[in-house]
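Structure first, commentary second.
In what follows, chains are A, B, ... by sequence order, proteins preceding strands, each numbered from 1. Both backbone and side-chain heavy atoms feed into the values below; hydrogens, waters and symmetry mates do not.
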2 protein chains.
Amino acid sequence: MHYAPDIASPPPALRRGLACCNDACRHAHACQATRGGAAELLAMREIVERAGPFADGDRLVQPDAPHLAAYAVLSGLAMTVGGGRVLAFHLPGELFALDATRQGQHTHSVVAVGKTWFCRFPRAATDALCEHDDAIASHLRGLRREERRRPAQGDDAPALARVASFLADLLTRRRQVEPDTTFIPLPMSRDDIGSYLGMSAATVTRMLARLRADGILTVRNDGVCIADAAALAGHGLTA
Amino acid sequence: MHYAPDIASPPPALRRGLACCNDACRHAHACQATRGGAAELLAMREIVERAGPFADGDRLVQPDAPHLAAYAVLSGLAMTVGGGRVLAFHLPGELFALDATRQGQHTHSVVAVGKTWFCRFPRAATDALCEHDDAIASHLRGLRREERRRPAQGDDAPALARVASFLADLLTRRRQVEPDTTFIPLPMSRDDIGSYLGMSAATVTRMLARLRADGILTVRNDGVCIADAAALAGHGLTA
DNA sequence: CGACTCTTTGATCCTGATCAACACCGGTGG
DNA sequence: CCACCGGTGTTGATCAGGATCAAAGAGTCG
């Protein structure tokens, strides 16, 4: 729980545009910025700036600061923090910080978890693209709606179900990028997971232990290996 | 928890329009249909039909049925039920069933609690009024927004706070009609209150007992008398 | 008056929070 | 290379809030 101790010295953008955002990128096929296959979206590649590396706890954006860009995770992990709670985790290939207040300010903090690189989409360039191209505009509108809707989480479900469906969600999202993976990296602390799920860190550990005892996963010190994804989904049922 | 056993034989509208909806009505000054003092709203009075009496458990509207009217409580109490939960209580003077699906169907059930009379605002007449008069249209739009927003309740607050703020809410709403009252009728069962607040009936009783022990209210078999409204509000704080 | 339902109250159980002890790691400095 | 250290993860013990079950009052309606 030591996030955002100070604003990190903002690392410079090292490379820009097609020089860094092209089919050679690990997530090119699945990146939320260009996903969907529509050729029009490829224009997004030309406005990208690569930003990083950020170290653990560095704050990428802070609330009330002017909204100058949206971001995608290139590698590592980021989380959105607000009101003393973790509101979302962002995996490689996922866009975030799309939303802004009516006054054009960020609504939450976003902090890096471990060493992390980002792809930066400057606001001005993005807006220009949206005016030119309806496909891009509606694509981003959809993602923004999705981001805003997230916080609606299962609230009074038992702890085991919340952890299970959290992992199932992470697995699904990771498989957008790496289809057959069974490993879910968890570089964030148990406290952060607990904050996100509304339970104590000790309970997170206990629920993982229970899933392990049920043969559903194995716990490593950098994440979990899902042995039985179907059973995992089964535990997440609210029934 | 015996609501909606069967569809009640729909009681006929006994009187219509100004013959039943005028300044002689107990809630005329506070009825949500005409509240705000704007003279334009008084046109609502001419389209009213009085409906009742309904008996305990009678279903006034049911989900997926065509949305033919909105209602206000004239006397008694109504509750909106959906998904096996009580979603809202409706006090005398309050409008409900304003919302409909895109296909023009009701979204939830509404059942009477005890002997209850309603004021019925037929959909066709209401729509006609709205086209004629922007004041009425925006007034109803506002109420509809309010109705839709309701379900956002304190969810993980302790039981005592939930009961306290529930009573504080009821008191505030009752005072719209009867400004200095300290009595809150509770004709619904403890089960229904518990369902609404997300706790067991036994816990509702226990929390009422605790508030009584603290001298905040006295419990009667038909409701509670608030002795210290300020302290009641204090218990509702999420702090 | 009697059957029934609802409320109240007590006893027990279960879930998850909290606290504390301990193991495990990744460093740092000798 | 090894001892030391602080942070994190795990695990056990205890605790509190509320659910559940059961039994005993209190109305209510026939």
Side-chain angles (χ1 to χ4, degrees), chain A residues 1-3 5 55-57 77 79 84-86 113-115 153-164 166-167 184-213 217-225 235 238, chain B residues 1-3 5 55-57 77 79 84-86 113-115 153-164 166-167 184-213 217-225 235 238:
Chain A
M1 292 286 219
H2 57 81
Y3 28 81
D56 190 90
L77 184 77
M79 57 188 188
R85 302 225 156 176
V86 173
V113 179
K115 181 180 166 186
Q153 267 248 164
D155 40 334
D156 58 344
L160 181 63
R162 289 220 294 283
V163 171
F166 169 65
L167 293 177
I184 303 176
L186 296 174
M188 69 292 254
S189 73
R190 296 287 188 263
D191 273 280
D192 292 331
I193 297 174
S195 169
Y196 176 67
L197 294 175
M199 66 186 70
S200 71
T203 299
V204 174
T205 291
R206 271 184 245 273
M207 296 306 128
L208 288 178
R210 203 184 306 180
L211 291 172
R212 174 168 47 99
L217 52 77
T218 57
V219 178
R220 292 172 24 183
N221 56 19
D222 57 347
V224 295
C225 269
H235 276 80
T238 319
Chain B
M1 292 284 221
H2 58 81
Y3 30 80
D56 190 89
L77 183 76
M79 58 188 189
R85 303 226 156 176
V86 173
V113 178
K115 180 180 166 185
Q153 267 249 163
D155 40 335
D156 57 343
L160 181 63
R162 289 220 294 283
V163 171
F166 168 65
L167 292 177
I184 303 176
L186 296 174
M188 68 292 254
S189 73
R190 296 287 188 264
D191 274 281
D192 292 330
I193 297 175
S195 168
Y196 176 67
L197 294 175
M199 67 186 69
S200 72
T203 299
V204 174
T205 291
R206 272 184 245 273
M207 295 307 127
L208 288 177
R210 204 185 303 181
L211 291 172
R212 174 168 47 103
L217 52 76
T218 56
V219 179
R220 293 173 21 183
N221 56 19
D222 56 348
V224 295
C225 268
H235 277 80
T238 320

Cut-off 3.5 Å, no hydrogens considered: what does the side-chain donor-acceptor table look like for residues 198-211 of chain A, sequence neighbours left out?
| unit_1 | atom_1 | unit_2 | atom_2 | d |
| --- | --- | --- | --- | --- |
| S200(A) | OG | T203(A) | N | 3.2 |
| S200(A) | OG | T203(A) | OG1 | 3.0 |

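Between the C1' atom of dC24(C) and the CZ atom of R220(A) lies a distance of 17 Å, rounded to the nearest Å. Atom C1' of nucleotide dT10(D) and atom CG of L211(A) are separated by 16 Å, given to the nearest angstrom. Taking atom CG of L186(B) as the reference point, atom C1' of dC6(C) lies 14 Å away to the nearest angstrom. Rounded to whole Å, the distance from CZ on R212(B) to C1' on dT7(C) is 12 Å. At whole-Å resolution of the value, CG in D56(B) and C1' in dT5(C) are 12 Å apart. Note: CG (L197(B)) to P (dG17(D)) measures 18 Å, nearest angstrom. One interatomic measurement links the two molecules: CE of M188(A) to P of dG7(D), which rounds to 22 Å at whole-angstrom precision. Distance CG (L208(B)) to P (dG18(D)): 14 Å, rounded to an integer number of Å.
Judged as a side-chain hydrogen bond (donor to acceptor under 3.5 Å, both in side chains), and not counting sequence neighbours, the contacts of R220(B) are D222(B).
Side-chain contact check for S195(B) and D192(B): no donor-acceptor pair (N or O, by modelled atom type) lies under 3.5 Å.
When all heavy atoms of I184(A) and L167(A) are compared, the closest pair comes out as CD1-O, 3.5 Å. The minimum heavy-atom distance between R162(B) and L197(B), with the atom names listed, is NE-O, 2.8 Å.
The CE atom of M188(A) sits 5.0 Å away from atom CG of L77(A), with the distance rounded to the nearest 0.5 Å.
Using a 4.5 Å cut-off on side-chain heavy atoms (C-beta onward), D56(A) and V113(A) make contact.
At the phosphate of dT10(D), OP1 or OP2 sits under 4.0 Å from a side-chain N or O atom of R190(A).
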Under 3.5 Å, N/O pairs linking protein and nucleotides 11-17 of chain C:
| unit_1 | atom_1 | unit_2 | atom_2 | d |
| --- | --- | --- | --- | --- |
| dA11(C) | N6 | R206(B) | NH2 | 3.4 |
| dG16(C) | OP1 | A159(A) | N | 2.4 |
| dA17(C) | OP1 | S200(A) | N | 3.1 |
| dA17(C) | OP2 | S200(A) | N | 3.4 |
| dA17(C) | OP2 | S200(A) | OG | 3.1 |
| dA17(C) | OP2 | T203(A) | OG1 | 2.2 |

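Note that the two end axes of the helix from dT7(C)-dA24(D) to dG30(C)-dC1(D) enclose an angle of 10°, each drawn from 5 base pairs, rounded to 10 degrees.
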